[in-house]
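Taking it in order: structure first as structure tokens, then the write-up.
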Amino acid sequence: MIRWLAAIALCVAGAAQAEVIRFEQDGLPRHFQLFTPSETTGPLPLVLVLHGAFQNDERMRRTTRGTWEGLADYEGIAVAFPSAHLRFWDVPGLGGSVGETVARDDFAYLDRVIAEAGARTEIDPDRVFLAGLSMGGQLAYAYACSRPGVRAIATVAMPLPASLVAGCRTGPALPALIVHGTEDPIVPIVGGTLPAGPTTATPLVSHARTQAIFARRAGCDRAEEDRRYDFKDDGTVAIFTRWHGCAAPVWALTIEGMGHRWPGGGPDLPEAIIGPQTEEVDGASFVWSFFDQFR
């Protein structure tokens, strides 16, 4: 299933129905984009795709090359692209948005996104998923570790912030897919301190420790390399690791040679700033292959 999805995703034509949904939240105008299948046959899984800092909903669509829209129609899922106020998420427990002073509740905003999506199409409440890139990954961790009802998460280019470790290490097993590139110059794979404003910073644990935290929460006993993707002559190798003995799946994708990127993503900042891209896997299709286990 994983290999098939990775190969087919870029060939899927996006024919999903699209809608921009607008509302007011915390006195601020907010919106998100929703994609649903052209034909529906019952309650749909809902995937919230959370963009990184300096991005918005439309930028995230371009970053993922429209693959999520294709998957929405092809796989029969609903996909929402939320959009942060002034392009930065306000993540509880972290330093907050760079230069942002307007109070807002992005947990409540995501609650509203889920509710508004459910008002327009029938959503399966037991199959709500979060996929986050960079700062969107921070929000995915924070929301899923404090809100019941998230079925699984996938984060890309963002290990677990140290301030969220206590809240994420306990509770029912939370399925997690953790993706990171070894050549990420923005968020090093070994963790460290990420600037979060002129006077604040966000300490991060490593890619390996992030996996271990969710693996321990799920009762896993070991991690084993499952396979390697090295089909393209692009200087990268994607290494898929699966944890075993778990009450809930914990996967990792470590991409040797990739920078601060969505795997297989579209044009972004220059390589000199965020590092190289990989074409070994398509990020959206790989993430969906993880979420699609849960039926």
Side-chain angles (χ1 to χ4, degrees), residues 46-53 82 84 88-97 105-111 113-114 125-181 184 186-194 196 200-223 241-254 287 290-291 293-294:
L46 173 63
V47 180
L48 275 61
V49 184
L50 305 172
H51 64 75
F88 291 92
W89 298 111
D90 191 356
V91 183
L94 301 184
S97 301
D105 184 345
D106 276 335
F107 279 11
Y109 166 71
L110 293 187
D111 292 341
V113 168
I114 295 168
D126 294 325
R127 298 183 74 194
V128 175
F129 306 101
L130 301 181
L133 168 65
S134 191
M135 193 181 196
Q138 294 180 1
L139 183 59
Y141 290 129
Y143 186 87
C145 290
S146 62
R147 283 282 206 274
V150 175
R151 188 64 180 273
I153 63 171
T155 63
V156 178
M158 182 55 65
L160 189 63
S163 63
L164 299 180
V165 168
C168 285
R169 65 160 42 119
T170 59
L174 177 62
L177 165 62
I178 314 298
V179 181
H180 211 118
D184 189 331
I186 308 298
V187 181
I189 195 169
V190 295
T193 301
L194 179 67
T200 59
T202 300
L204 306 170
V205 306
S206 68
H207 176 57
R209 189 179 173 208
T210 300
Q211 297 172 50
I213 287 167
F214 286 97
R216 183 172 182 180
R217 174 171 171 160
C220 308
D221 56 31
R222 70 190 188 284
T241 300
R242 192 194 308 263
W243 287 75
H244 294 269
C246 310
V250 177
W251 292 8
L253 191 64
T254 305
V287 168
F290 178 68
F291 291 159
Q293 301 175 84
F294 307 101

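Just so you know, these numbers use all the heavy atoms, side chains as well, and skip hydrogens, waters and symmetry mates. Nothing fancy with the numbering, it's 1 onward along the sequence.
Between L50 and P82 the shortest side-chain heavy-atom distance falls below 4.5 Å. Between T193 and L204, every side-chain heavy-atom pair lies at or beyond the 4.5 Å cut-off. V165 has its side chain within reach of V205: a pair of non-hydrogen atoms, C-beta onward, lies under 4.5 Å apart. At least one side-chain heavy atom of F107 sits less than 4.5 Å from a side-chain heavy atom of L139. Counting heavy atoms from C-beta on, the side chains of C168 and L160 come closer than 4.5 Å. Using a 4.5 Å heavy-atom threshold, the side chains of W251 and T241 count as separate. Taking 4.5 Å as the limit, every side-chain heavy atom of T210 sits out of range of all side-chain heavy atoms of I213. For the pair M158/L194, a side-chain contact is recorded, criterion being any heavy-atom separation below 4.5 Å from C-beta on.
Residues passing the salt bridge (Lys or Arg N to Asp or Glu O under 4.0 Å) test with R147, sequence neighbours excluded: D111.
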Go through the steps to decide whether C145 and L164 satisfy the test side-chain contact (heavy atoms from CB on, under 4.5 Å), and finish with yes or no. CA-CA 8 Å; C145 290; L164 299 180; over 6 Å; no

Could you give me the CA-CA distance, side-chain angles and deciding distance for Q211 and W243, then say whether side chain to side chain donor-acceptor pair (under 3.5 Å) is met? CA-CA 9 Å; Q211 297 172 50; W243 287 75; 3.3 Å; yes

Evaluate the criterion side-chain contact (heavy atoms from CB on, under 4.5 Å) for residue pair V156 and S134; output intermediate values, then yes/no. CA-CA 6 Å; V156 178; S134 191; over 6 Å; no

When you look at Y141 and F214, which way does the side-chain contact (heavy atoms from CB on, under 4.5 Å) test go after all the steps? CA-CA 11 Å; Y141 290 129; F214 286 97; 3.7 Å; yes

Passes side-chain contact (heavy atoms from CB on, under 4.5 Å), V128 versus I114? Steps please. CA-CA 8 Å; V128 175; I114 295 168; 3.9 Å; yes

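Contact record, V187 with P159: CG1-CD, 3.4 Å, taken as the closest heavy-atom pair. Pairing each heavy atom of A140 with each of T155, the nearest pair is CB-CG2, 4.3 Å. For the residue pair I189 and G181, the shortest heavy atom distance occurs at CB-O, 3.9 Å. For the residue pair A173 and A218, the shortest heavy atom distance occurs at CB-CA, 3.7 Å. In plain terms, the two heavy atoms of R169 and R217 that are nearest each other are O-CB, 3.6 Å. In plain terms, the two heavy atoms of F294 and A152 that are nearest each other are CE1-CB, 3.8 Å.
Between the CZ atom of R222 and the CZ atom of R242 there is a distance of 11.5 Å, given to the nearest 0.5 Å. Note that the CG atom of L253 and the CZ atom of F290 stand 12.0 Å from one another [nearest 0.5 Å]. Expressed to the nearest 0.5 Å, how far OG1 of T170 lies from CZ of R216 amounts to 11.0 Å. Separating the CH2 atom in W89 from the NE2 atom in H51 is a distance of 4.0 Å, to the nearest 0.5 Å. Remark: L48 CG to F129 CZ distance equals 11.5 Å, nearest 0.5 Å.
In this structure a side-chain-to-backbone donor-acceptor pair under 3.5 Å is present from D105 to A108.
No side-chain donor from either of T254 and H180 sits under 3.5 Å from a side-chain acceptor of the other.
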